[in-house]
Peer 1: 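Let me give you the structure first, and then I'll get to my questions.
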Amino acid sequence: MDKKVRVRFAPSPTGPLHIGGVRTALYNYLFARQNGGDMILRIEDTDSNRFVPGAEEYINEALQWLGIGIDEGVHEGGNFGPYKQSERRDIYRKYVKQLLNDGKAYVAFDTPEELDAKRKEIANFQYDAKTRGMMRNSLTMLKEEVDALITAGEKYVVRILIEPNQEVKVNDLIRGEVTVNSSVVDDKVLYKSADDLPTYHLANIVDDHLMEVSHVIRGEEWLPSAPLHVLLYEALGWKDSMPQFVHLPLLLKPDGKGKLSKRDGDRLGFPVFPLEWHDPVSGDISSGYRERGYLPQAVVNFLALLGWNPGTDQEVFSMDELIKEFSFDRCSKKGAKFDFEKGKWFNHEYLINMDDAELAEIFKPELAKHGVDTEQFTNEYITRAVGMIKSRISFVGDIWDNAKFFFVAPTEYNPKDIKKRWKEDTPDTMCRLIEVIKGIDDMTSANAEEIVLGWIRDNELHMGNVMNAFRLTVVGECKGPHMFDIAELMGKDEIITRIERGIENIKPVTE
RNA sequence: GGUGGUAUCGUCUAGUGGCCCAGGACGCUGGCCUCUCACGCCGGAAACCGGGGUUCGACUCCCCGUACCACUACCA
């Protein structure tokens with residue numbers, strides 16, 4: 001019988017959650033939901049030196065913003081806790097002891113300095129079957145000597161004892177079977193007495209086993225240590241219940257080569273973090289998708305397609321659709337270069353399809369930020385204004401630039417457009433336009449359009465020049481929604497006022 | 001250096017031996033629509049890393065080479 005699907009996302013709180021980590025979390029979540037399984041959030045804080053305050057909260061907030069739900073974790077609780085590794089010391093100690101008793105691991109006293117020296121002395125030095133005989137460990141020392149050192153408080157580590165020349169097979173859902181010879185895997189440190197904490201490798205295996213994790217879904221950077229993990233499961237006697245491995249292709253830099261890193265965002269001008277991050281130590285601020293005006297659904301959609309595809313032409317997916325369609329056998333083996341332009345397009349797509357009223361709500365704080373008294377405008381007004389410009393923008397943050405004329409009359413006019421559309425006789429034409437508009441009883445877009453366009457035709461005026469001059473006075477530049485839609489929303493009085501102001505303030509460019 | 005992984009348009013990718021002189025999307029680009037800018041619609045340029053096999057037939061299978069990526073800590 002297949003065991004219940006239980007997956008975990010296990011970040012270490014050493015900083016803000018990276019966008020690659022977000023994708024790993026997302027794939028875990030999609031797989032869990034698709035199979036009616038559990039999604040665990042485990043905090044891997046076994047490196048006491050790298051703890052960053054606020055990082056754990058950041059992770060929670062980011063996942064929540066993106067709609068990646070957690071079933072078990074530090075905040076959610078669960079039957080397999082604690083979910084923070086620093087609180088599981090007793091558990092790890094027990095298994096370290098077991099490994100030692102079973103002869104699957106040994107104690108080593110070599111200092112970092114001694115190891116460094118060895119690495120310099122011997123090319124390709126690796127702590128393994130070939131070299132452990134010349135190191136200071138419980139294999140080369142007398143038991144009394146070892147015990148004496150430990151009781152004296154000498155710092156030591158526990159290393160796994162790797163049997164050389166064994167074929168280690170890692171089964172991966174994306175890559176198939178990967179075989180590695182155990183001679184190339186070294187006697188990795190499992191536990192350090194200095195802080196009484198295990199390293200990632202031990203903690204990870206122990207926790208995954210105890211938490212009954214069925215699938216280990218993580219980044220490809222872990223593939224090289226997967227053989228070690230397989231060996232660890234065997235050493236602990238858990239081979240039969242070993243989880244299925246899935247190593248996801250990496251997210252690569254958009255230019256050049258290599259893994260996408262924290263610094264790429266600032267260098268290339270796009271966020272690499274879901275949320276803005278304020279570094280508590282340096283005070284540096286890194287931009288986030290949320291603050292940039294990205295919609296969480298767009299980020300999720302974009303990320304989902306980076307390394308996975310449905311095999312059809314569909315590109316826009318809701319979270320529910322992703323849950324339904326996602327599968328590892330449609331995951332790419334190749335790292336994906338991060339394409340910011342495509343991400344932008346996804347956001348644009350979501351913005352266009354978003355309900356106008358909903359978008360208006362998101363836009364309101366933005367309005368207030370720009371000094372507009374939102375009480376002065378009805379929800380309907382804001383909603384309709386936003387609805388008219390959303391096809392022209394990519395981010396929520398772009399709305400203001402494109403829609404401000406709905407809320408504030410232009411004080412400046414685009415010089416290029418003036419040059420092209422504001423001639424000597426334009427003020428006169430605009431005066432006549434005012435008279436025409438004054439005579440319109442019903443400002444409904446279609447009606448006003450019929451009347452004004454009729455007037456232009458009857459008087460044999462130049463349509464482009466008149467309409468663009470009109471637009472210039474109302475909008476401040478020659479772009480934006482249909483003029484008569486704007487006029488209908490703003491109303492006759494406001495339109496007339498703006499034309500008058502334009503006549504007064506716009507001076508033709510003469511050269 | 002060692003080990004592992006990967007290799008289709010600039011980018012994300014479809015393609016599991018004939019349907020492929022390689023399809024979609026982003027970006028770029030020509031046009032239509034049009035009072036402008038967008039949206040939308042219709043077009044265009046743009047790719048199978050190289051060499052050997054296997055086969056009637058290879059983007060697809062095998063081998064070699066090359067390139068790229070990851071790992072190579074008492075970090076995760």
Side-chain angles (χ1 to χ4, degrees), chain A residues 10-14 44-47 49-50 108 110-112 115-116 119 123-127 155-159 170 172 174-175 178-181 183-186 188-195 197-201 203-204 218-227 247 249-250 252 254-255 257-259 302 305-316 330 332-346 348-349 352 388-393 402 417 420-421 449 452-453 456 462-472 475 477-484:
Chain A
S12 52
T14 54
E44 307 223 325
D45 56 346
T46 51
D47 185 357
N49 300 320
R50 296 209 308 162
D110 318 274
T111 64
L115 290 168
D116 274 348
R119 278 188 262 266
N124 293 333
F125 173 81
Q126 174 172 284
Y127 210 119
K155 299 279 178 271
Y156 65 92
V157 299
V158 172
R159 287 179 181 272
V170 178
D172 187 286
I174 293 180
R175 283 152 221 285
V178 177
T179 307
V180 171
N181 190 298
S183 294
V184 303
V185 354
D186 62 334
K188 274 269 179 308
V189 170
L190 263 20
Y191 167 89
K192 347 145 219 165
S193 73
D195 52 10
L197 243 18
T199 59
Y200 167 84
H201 302 290
N204 192 268
R218 64 214 325 187
E220 191 189 341
E221 69 266 31
W222 292 109
L223 189 55
S225 46
H247 290 96
L250 263 17
L252 271 18
D255 65 347
K257 325 287 186 184
K259 219 173 15 167
F302 171 49
L305 272 292
L306 236 38
W308 170 84
N309 78 83
T312 66
D313 286 350
Q314 186 179 351
E315 291 210 275
V316 177
R330 294 215 63 89
S332 169
K333 295 183 179 72
K334 190 175 66 165
K337 283 198 185 120
F338 194 84
D339 181 9
F340 185 61
E341 283 302 324
K342 187 96 183 213
K344 207 166 139 182
W345 175 78
F346 270 110
H348 172 78
E349 211 58 25
I352 282 183
M388 277 187 234
I389 59 98
K390 69 178 183 182
S391 71
R392 281 153 241 273
I393 54 158
N402 289 272
D417 293 332
K420 188 168 179 202
R421 303 293 191 180
E449 177 170 7
V452 173
L453 262 37
I456 291 174
H462 186 284
M463 167 94 96
N465 286 345
V466 175
M467 288 305 296
N468 280 294
F470 177 26
R471 177 178 292 280
L472 199 48
V475 179
E477 58 186 325
C478 291
K479 62 182 241 195
H482 195 64
M483 259 328 283
F484 298 100

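We name chains A, B, ... by the order of the sequence lines, and we start the count at 1 in each one.
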Peer 1: OP1, OP2 of B:C35 versus side-chain N and O of A:Lys479: anything below 4.0 Å?
Peer 2: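 False: A:Lys479 side-chain N/O out of range (4.0 Å or more) of B:C35 OP1/OP2.
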Peer 1: Record whether the side chain of A:Asn124 comes under 3.5 Å of the base of B:G1 through a donor-acceptor pair of N or O atoms.
Peer 2: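 Checked by distance alone, the answer is yes.
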Peer 1: Reckon A:Pro249 touches a base, only the sugar-phosphate, or nothing at all at heavy-atom distances under 4.0 Å?
Peer 2: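 No contact.
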Peer 1: Treating primed atoms plus P, OP1 and OP2 as sugar-phosphate and everything else as base, which nucleotides of nucleotides 70-76 of chain B get B, S or - for protein heavy atoms under 4.0 Å?
Peer 2: SS--BBB
Peer 1: Write down the partner of B:C19 under the Watson-Crick or G-U wobble criteria, each distance required to be under 3.5 Å.
Peer 2: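 No nucleotide pairs with B:C19.
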Peer 1: What pairs of donor and acceptor atoms, side-chain ones from residues 339-346 of chain A against any protein atom, are under 3.5 angstrom apart with sequence neighbours left out?
Peer 2:
from     : atom 1 : to       : atom 2 : distance (Å)
A:Asp339 : OD1    : A:Glu341 : N      : 3.2
A:Lys342 : NZ     : A:Glu315 : OE2    : 3.2

Peer 1: State whether A:Lys342 places a side-chain N or O below 4.0 Å from either non-bridging phosphate oxygen (OP1 or OP2) of B:U11.
Peer 2: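 No, because none of the side-chain N or O atoms of A:Lys342 sits under 4.0 Å from OP1 or OP2 of B:U11.
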Peer 1: Any strand counts, and the cut-off is 3.5 Å on both contacts for Watson-Crick or G-U wobble. Which nucleotide pairs with B:C35?
Peer 2: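 Looking at the geometry, B:C35 pairs with no nucleotide.
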Peer 1: Can you check whether any acceptor in the base of B:A7 is under 3.5 Å from a donor in the side chain of A:Lys333, or vice versa?
Peer 2: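 Looking at the base of B:A7, it does not pair with any donor or acceptor on the side chain of A:Lys333 (distance under 3.5 Å).
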Peer 1: Could you tell me which nucleotide pairs with B:C61 by Watson-Crick or G-U wobble geometry, both distances under 3.5 Å, or answer none if nothing does?
Peer 2: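 Because both required distances fall under 3.5 Å, B:C61 counts as paired with B:G53.
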Peer 1: Identify, with sequence neighbours excluded, every residue that meets side chain to side chain donor-acceptor pair (under 3.5 Å) alongside A:His348.
Peer 2: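 Here no residue qualifies.
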Peer 1: Applying the Watson-Crick and G-U wobble criteria at under 3.5 Å, what pairs with B:A70? Answer none if nothing qualifies.
Peer 2: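 Answer to the pairing question: B:U3, which forms a Watson-Crick or G-U pair with B:A70.
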Peer 1: Give a yes/no answer on whether the side chain of A:Asn309 brings an N or O atom under 4.0 Å of OP1 or OP2 in B:A14.
Peer 2: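 Affirmative; the distance criterion is met.
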Peer 1: Sort out the partner of B:A14 for me: Watson-Crick or G-U wobble, both distances under 3.5 Å, none otherwise.
Peer 2: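 Pairing partner: none.
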Peer 1: Do A:Lys420 and A:Asp417 meet the salt-bridge criterion of a basic N to acidic O distance under 4.0 Å?
Peer 2: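 No, no charged N to carboxylate O under 4.0 Å.
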